[in-house]
2 protein chains.
Amino acid sequence: MVAKNKQGKRIFLQNEDCPIRNVVAQIGDKWSILILFCLVEGPDRFNSLKSRIEGISQRMLTQTLRDMERDGYVERTVYPEVPVKVEYELTALGKGLAKSVWGLVSWAETNHEEIRKSRQSYDQNSQG
Amino acid sequence: MVAKNKQGKRIFLQNEDCPIRNVVAQIGDKWSILILFCLVEGPDRFNSLKSRIEGISQRMLTQTLRDMERDGYVERTVYPEVPVKVEYELTALGKGLAKSVWGLVSWAETNHEEIRKSRQSYDQNSQG
DNA sequence: CGGTATCCTTCGAGATACTG
DNA sequence: CAGTATCTCGAAGGATACCG
């Protein structure tokens, strides 16, 4: 499962060994980047994240944090207080990811309006 | 629908006006980036792309190309020969996107192995 | 050659209820 | 507080057949 250039040379994989699929597809989900950028500011707790990211369900916050922990982007620390307190913090890997995603995000912010206009004009022309 | 920092300041939207969701979520799908990088090398035809991107179905190639055309990343040109020839080519916007995605992709390639190891160790520890 | 149209399965993700 | 367990629904995407 590979993509090739015109000379037939493999350019990258798309299976489970593919860096793109393993990184981009993972953080391309609905919530990962939002969580990533919340945690860039510093460690935060479960319910604080939940309230900062409007619209996320408890289930998806838990699941996305677990996936990010599994990938090594996030470290989870439990403080055995009563009631229990759990903090999530970016690892060095997570900070590196955030930094490298930032270029794409700022490009998106810069070009968002042009993209929106392109969609509008495309949708208008395909009405007739 | 916004994410906020700890002071309650909005940091970005997650609804239809959100640059991140509108760009990252779109190209975070299963095929967009693969197509994007195939077209970075130059214009290409439908069936050529189909054979270069192993595993993609005709349906998904069409659909993803249409979405990319709608966003303004790709320009579609029909040559009324017999049989018909259709070429897809990156626009300036598409080239800009490719360039800004490249940073993330190369980060992914660099750190892919570390991520893989993190997953392995996470999965081992959660077995017991 | 370059598509559409249709069917069908899988998976992401919201809602809700319960727990240490 | 910080989760887990189910249920459910809609969208994503593969397979297949047909078309200009």
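Numbers restart at 1 for each chain; the letters A, B, ... are given by sequence-line order, proteins then strands.
- At least one side-chain heavy atom of A:Arg119 sits under 4.5 Å from a side-chain heavy atom of B:Asn22.
- With no hydrogens or angles considered, a side-chain donor-acceptor pair links B:Ser32 and B:Asp29 at under 3.5 Å.
- A heavy-atom distance below 4.0 Å to DNA chain D is reached by these residues of residues 74-91 of chain A, ordered by number: A:Arg76, A:Pro83, A:Val84, A:Lys85, A:Val86, A:Tyr88.
- By the 4.5 Å heavy-atom criterion applied to side chains, B:Tyr88 and B:Asp44 are not counted as neighbours.
- Under a 4.0 Å N-O distance rule, the pair A:Arg52/A:Glu41 qualifies as a salt bridge.
- Out of D:dA2, C:dG14, C:dT4, the shortest distance to the side chain of A:Trp31 is found at C:dG14.
- Residues A:Arg76 and A:Leu65 fail the side-chain proximity criterion, which asks for heavy atoms closer than 4.5 Å.
- If you check every strand for non-hydrogen atoms under 4.0 Å, A:Arg45 touches sugar and phosphate atoms only.
- Summarising the geometry, the separation between CD on A:Gln58 and P on C:dC18 is reported as 14 Å, rounded to the nearest angstrom.
- For the pair B:Leu49 CG and C:dG2 P, the computed distance is 9 Å after rounding to whole Å.
- OP1 or OP2 of C:dG14 lies within a sub-4.0 Å distance of a side-chain N or O belonging to A:Lys30.
- In this structure, CG in B:Leu97 is found 7.0 Å from CD1 in A:Ile115, a value given to the nearest 0.5 Å.
- Taking a 4.0 Å limit (strictly below) on heavy-atom distances, residues 62-69 of chain B reaches DNA chain C at B:Thr62, B:Arg66.
- As rounded to whole Å, 5 Å separates atom P of C:dG2 from atom CG of B:Asn47.
- Put simply, CD1 on B:Ile53 is 14 Å from P on D:dG13, counting in whole angstrom units.
- The side-chain heavy atoms of B:Asp67 and B:Val74, taken from C-beta on, include no pair separated by under 4.5 Å.
- When rounded to the nearest whole Å, the span between CG of B:Asp44 and P of C:dC1 equals 13 Å.
- For the pair A:Asp29 CG and D:dA11 C1', the computed distance is 15 Å after rounding to whole Å.
- Along DNA chain D, the nucleotide nearest to A:Arg59 and the one nearest to B:Met60 differ in position, and the one closer to the 5' end is contacted by A:Arg59.
- With a 4.5 Å cut-off on side-chain heavy atoms, B:Met60 and B:Lys30 do not count as touching.
- Salt bridge present: A:Glu113 and A:Arg116 bring a charged side-chain N and a carboxylate O closer than 4.0 Å.
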